[in-house]
Amino acid sequence: MRLSELLKNVEPQAIAGDAEVEITGVNIDSRRIAPGHLFVAIKGTQTDGHVYIGKAVELGAAAVLCEEMPEERKEGVTYVTVESTEAAVGPVATLFYGDPSSRLKLVGVTGTNGKTTIATLLYNMFRKMGHRCGLLSTVCNYIEGEPIAASHTTPDPIELNSLLARMVEAGCEYAFMECSSHAVAQQRIGGLRFAGGLFTNLTRDHLDYHKTFENYRDAKKAFFDSLPKEAFAITNADDKNGMVMVQNTRATVKTYSTRTLADFKARIIECHFEGMYLEIDGREVGVQFIGKFNVSNLLAVYGAAIMLGKQPEDILVVLSTLRSVSGRLEPIRSEKGGYTAIVDYAHTPDALENVLSAIHEVLDGKGRVITVCGAGGNRDKGKRPLMAQEAVKQSDLVVITSDNPRFEKPQDIISDMLAGLNAQQMKKVMTNADRREAIRTACMMARKGDVILVAGKGHEDYQEIEGVKHHFDDKEELVRMMTEG
């Protein structure tokens, strides 16, 4: 494809060289440049891509898209400047890959918690209904059943369009994706055409990046602001920011709720560890999930399926067969010890509160709750004491441990968490920076009828320490200790 065609949806400020040069690939990573490629220099949070223009040219870049025209330019290479390469790369990648999002129905899910569950359940539901589908999620990307490892919640615009193009090639009719606040703020979803968007909830998270809650909220809202009028926007009426999200959208707005008037409503009839019996829009259905927050997630899935043209009866039949996403309220039963362990990805105060509330709904005072949790390193420090407070508030015993310390010392993170507790609360708290030993301690303390919650990592099978990922799987550890014990 010629460079001039790729620039149709951006506004070049200056062009030095031949705009009709043929482009064979687009990259923001100079290490991936091959002869004939367009290198897009982006000023990222860690490094400035402009520093690598020379390297990209050495590797054979035919053209460079940048914000500042280089003083030294190689003959035969075309240089194009734009106001923002971060804003331009999405539209450029969309054109290069043949505008794949316009050739299937793409649905985005945003919010603090529930994105993975909702996107994955929609993917599984529509496949069970006989459709070919794609999924872009934190856990794994899928193209009609083929797993493709995920490195970010939302990939960069080039990888994103490449995956969507592969989905179109595979005959996918639908694609469901998580849209993180980072992705919206960094315009990774720029140029994509969405058939619909869903909002789950909004609580404190990622303030290490966004700095303020308002910035975080506005990043989520920008996704709905950008939806076309032909799209639908489904929002959680139970969240105080639910209607804020859709106040400026052009899309058709629908609401869901477990507490107030809404387009899609549900209530719990019965609840146990194997699942719940619900009433959704006047119809009863059994589901293999627990917790009020999962009722909200299932309502969002139900609403999206309705807006995509499916009949309520057909949706509920499939909904009853779906299972929880890996590492989300995933139960492991100790037959020998008579207790239940639950692995969950909860890594925010709100998520931890929701999971513990769900456990108490089922336990109904008939057993103790032992919680193992930590907090990630090099992330928002303000939520650490809040995490500890939530754990102590709804647990009989708490073991505070290491999560992904990254480049921080685990003990420093633990100290930050303990700073949120008073002397009385500290009486039910133990600490152990070794996550394996912390889980072992919880298993040793558990009695028949108790529930152990191991929170924070969920589906992750590693611990990141000093920039190195070491294999570590909470589920594997629990199974091993239950077998040994």
Side-chain angles (χ1 to χ4, degrees), residues 116-117 120-121 124 139 268-278 285-295 297-298 319-347 351-374 391 394-401 403 428 430 432 434-461 463 471-485:
T116 301
T117 294
T120 304
L121 292 182
N124 289 334
V139 177
I268 299 173
I269 299 172
E270 291 178 18
C271 185
H272 42 84
F273 276 124
E274 286 70 41
M276 296 180 286
Y277 205 55
L278 308 177
V285 61
V287 296
Q288 300 176 62
F289 298 81
I290 65 169
K292 289 177 182 175
F293 68 96
N294 265 328
V295 180
N297 290 338
L298 293 171
L319 208 60
S320 68
T321 69
L322 298 177
R323 299 182 67 84
S324 181
V325 177
S326 174
R328 266 63 174 182
L329 259 177
E330 190 170 350
I332 302 167
R333 178 74 180 164
S334 171
E335 297 301 332
K336 191 181 292 185
Y339 61 86
T340 300
I342 290 178
V343 174
D344 194 88
Y345 188 54
H347 59 284
L352 196 55
E353 178 188 17
N354 286 338
V355 172
L356 286 166
S357 294
I359 291 170
H360 281 291
E361 286 165 26
V362 180
L363 266 182
D364 196 24
K366 296 178 180 135
R368 300 179 306 163
V369 176
I370 303 170
T371 297
V372 179
C373 66
Q394 295 197 68
S395 306
D396 296 279
L397 297 165
V398 177
V399 186
I400 294 180
T401 186
D403 191 299
K428 60 165 81 171
M430 300 174 65
N432 194 320
D434 185 321
R435 191 173 181 88
R436 179 175 288 108
E437 290 306 311
I439 294 173
R440 188 187 305 279
T441 299
C443 291
M444 289 172 64
M445 291 191 296
R447 301 193 294 247
K448 185 177 180 179
D450 288 350
V451 174
I452 298 171
L453 169 64
V454 181
K457 294 180 60 58
H459 64 280
E460 293 178 351
D461 60 0
Q463 260 196 303
H471 180 78
F472 191 95
D473 188 316
D474 287 346
K475 289 179 286 184
E476 284 181 13
E477 297 300 325
L478 282 163
V479 170
R480 182 185 301 115
M481 288 163 193
M482 287 175 172
T483 305
E484 291 173 356

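Taken from CE in M276 to NZ in K292, the straight-line distance is 11.0 Å, to the nearest 0.5 Å. Taking CD of E437 as the reference point, atom CE of M430 lies at 11.0 Å (rounded to 0.5 Å). Rounding to the nearest 0.5 Å places CG of L319 at 5.0 Å from CG of L298. Here the straight-line distance linking atom CG of L356 with atom CG of L453 works out to 5.5 Å at 0.5 Å rounding.
The two residues L329 and D344 come nearest to each other via the heavy atoms N-OD1, 2.6 Å. In terms of heavy atoms, F289 sits closest to L322 at CE1-O, 3.4 Å. Of all non-hydrogen atoms in H347 and G456, the two that sit nearest each other are CB-O, 4.0 Å. Taking each heavy atom of L397 and M445 in turn, the nearest pair found is CD1-SD, 3.9 Å. In plain terms, the two heavy atoms of D396 and G367 that are nearest each other are OD2-O, 4.4 Å.
With a 4.5 Å cut-off on side-chain heavy atoms, I342 and I332 do not count as touching.
No more than 12 heavy atoms of other residues, nucleotides or ligands sit less than 6.0 Å from atom CZ of R323.
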Evaluate the side-chain contact (heavy atoms from CB on, under 4.5 Å) criterion for residues Y339 and R447: first the C-alpha distance (whole Å), next the side-chain angles of each, then the deciding distance (0.1 Å), finally the verdict.
CA-CA 6 Å; Y339 61 86; R447 301 193 294 247; over 6 Å; no
Please test V369 against H360 for side-chain contact (heavy atoms from CB on, under 4.5 Å), starting from the C-alpha separation and ending with a verdict.
CA-CA 8 Å; V369 176; H360 281 291; 3.7 Å; yes
Hey, mind stepping through H459 and E330 against side-chain contact (heavy atoms from CB on, under 4.5 Å) and telling me if it holds?
CA-CA 10 Å; H459 64 280; E330 190 170 350; over 6 Å; no
Please step through salt bridge (charged side-chain N to carboxylate O under 4.0 Å, His left out) for the pair D434 and R440, ending with a clear verdict.
CA-CA 10 Å; D434 185 321; R440 188 187 305 279; over 6 Å; no
